[in-house]
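Letters A, B, ... mirror the listed sequences (proteins, then strands); counts begin at 1.
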Number of protein chains: 2
Amino acid sequence: MSTASGRRRGRPSRAESENGSPGARERILESARAEFARRGYDLASVRAIARGADVTPALVHHYFGTKEQVFAAAVRAAVEVAARAFAAAEPTGPDGFGESFTRLFFGVWENPTTRGPLLALFRSAANNDTAAAIFRGAITDHLLSRVAGALSEPDAELRAELAAMQLVGVVLGRYVLGLEPLASTDAEVLIRRLAPVVQHHFTGPATAF
Amino acid sequence: MSTASGRRRGRPSRAESENGSPGARERILESARAEFARRGYDLASVRAIARGADVTPALVHHYFGTKEQVFAAAVRAAVEVAARAFAAAEPTGPDGFGESFTRLFFGVWENPTTRGPLLALFRSAANNDTAAAIFRGAITDHLLSRVAGALSEPDAELRAELAAMQLVGVVLGRYVLGLEPLASTDAEVLIRRLAPVVQHHFTGPATAF
DNA sequence: GTTTTTATTAATCATGCGTTTAATTATTCT
DNA sequence: AGAATAATTAAACGCATGATTAATAAAAAC
């Protein structure tokens, strides 16, 4: 691999990039996704992103502007994919919510191309207010709104949040903390375990004692 | 050794000021707890901690050594309090685990003096491997070990982790993300909602509620 | 009153950060 | 061929970081 600092100045000749390898812009995006996913927004550095893309920091700014805009560009695609998945899900009756939501949730988190950006958003949300707001908005818009509309109980929002936080907590343990055996358990097993719990949050009795 | 008093020569360490106000060492610890809780390990700065304690950064290093040691000192107390709470809990039969654990959990998280350091650990664990290891260790040592011993099922660890992640997820939504209405709901209400779910994870059937 | 020990600060070092500006080279349009 | 434009880097700016060193002040013990 050629180091960015060793490369000749100026625009590269077409011969240098005529192979199938992706252009600098794509490489930057890919590196940004990886870096944000590994370290979260604040700890990821434009310089490290540039290094990972074999490029100069100035080029990152040339293509994307500020660090915040790099983050937005890196995360946007995955958030939209997840949002579309939730929006396009065939509507189920209240009895089907549990499994339906659990499956959708693991669908996007087990997908390697969406997991990275979602991890980036997750890690960032723990320390960065802007990222936290995006995360909160994603949950509110794509999860709570659909459920609250279909559920009649007055505590529908709380129910949906408790269900969502069960799933989010599992994501934390599985992908961020690397808790065993949780991290190595087959996703299908987790879905079968969690779907009834999520369903209970949605429609079960509020207390059992 | 000829000293009758047994006191060491020289200026005493950790001198408290004459009035009731806390000495520099205590102020540093307090500021560190606040700063780590607000920003997480990596984003909190020794300089900001010093500023909050009305002290020079060099003094922070003088008392605690490296930043990592400051973090350990700031978090240790709360982790020990939480650990003691879990260790001292009167043992309940398997049927009482759900409510018992949920109560213990919210007990330490609703306590203002332990919440700060726990938040610090939580935020830090999202981006820092060392903090993640501490967090993982705390869950494994004080939660899983007790449950796994008392439960006979071969999947006891997985069950305990799913239960723990339900509670941790709620903590995320309530204290970190500030999800409404979750953040404003009375803790007792949450306990009553969550205890049966936790109980189910521990002893319920694997695929139905 | 000298010695010993602690408390505290000022100054500094090396490093990394986000960002900007100017320069250089290659491609494309006329 | 010449002009315009796009891709890319080098160099720098100002600031924040974690940590160290050397110095000064104060208190206690002798």
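Rounded to whole angstrom, the span from the NE2 atom of B/His62 across to the P atom of C/dA7 amounts to 5 Å. Rounded to an integer number of Å, the gap from CZ of A/Arg25 to P of D/dA6 is 13 Å. Look at CG on B/Leu59: it is 12 Å from P on C/dA10, rounded to the nearest Å. The CD atom of A/Glu26 sits 13 Å away from the P atom of D/dA7 (whole-angstrom rounding).
Between the side chains of A/Asn128 and A/Asp42, at least one donor N or O lies within less than 3.5 Å of an accepting N or O. In the model, B/His201 has a side-chain atom that pairs as donor or acceptor with a side-chain atom of A/Gln166 under 3.5 Å. B/Ser31 and B/Glu35 share no donor-acceptor pair across their side chains, judged by distance under 3.5 Å alone.
Here B/Arg103 pairs with B/Glu188 in a salt bridge; the nearest charged N to carboxylate O distance falls below 4.0 Å. Comment: A/Arg27 does not engage A/Glu30 in a salt bridge, judged by the lack of any side-chain N to carboxylate O separation of less than 4.0 angstrom. Using a 4.0 Å cut-off between charged nitrogen and carboxylate oxygen, B/Arg174 and B/Glu110 count as a salt-bridge pair.
Note: B/Phe122 and B/Tyr175 fail the aromatic proximity criterion, with ring centroids not under 6.0 Å apart. Taking the six-membered ring where the residue is Trp, the centroids of A/Phe202 and A/Phe101 are separated by under 6.0 Å.
An OP1 or OP2 oxygen of D/dT8 is reached within less than 4.0 angstrom by a side-chain nitrogen or oxygen of A/Tyr63.
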(Q) I'd like to compare against my own output: the B/S/- annotation of nucleotides 15-21 of chain C with a strict under-4.0 Å heavy-atom distance to protein. (A) --BBBB-
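Of the residues in residues 125-133 of chain A, none has a non-hydrogen atom less than 4.0 angstrom from any atom of DNA chain C.
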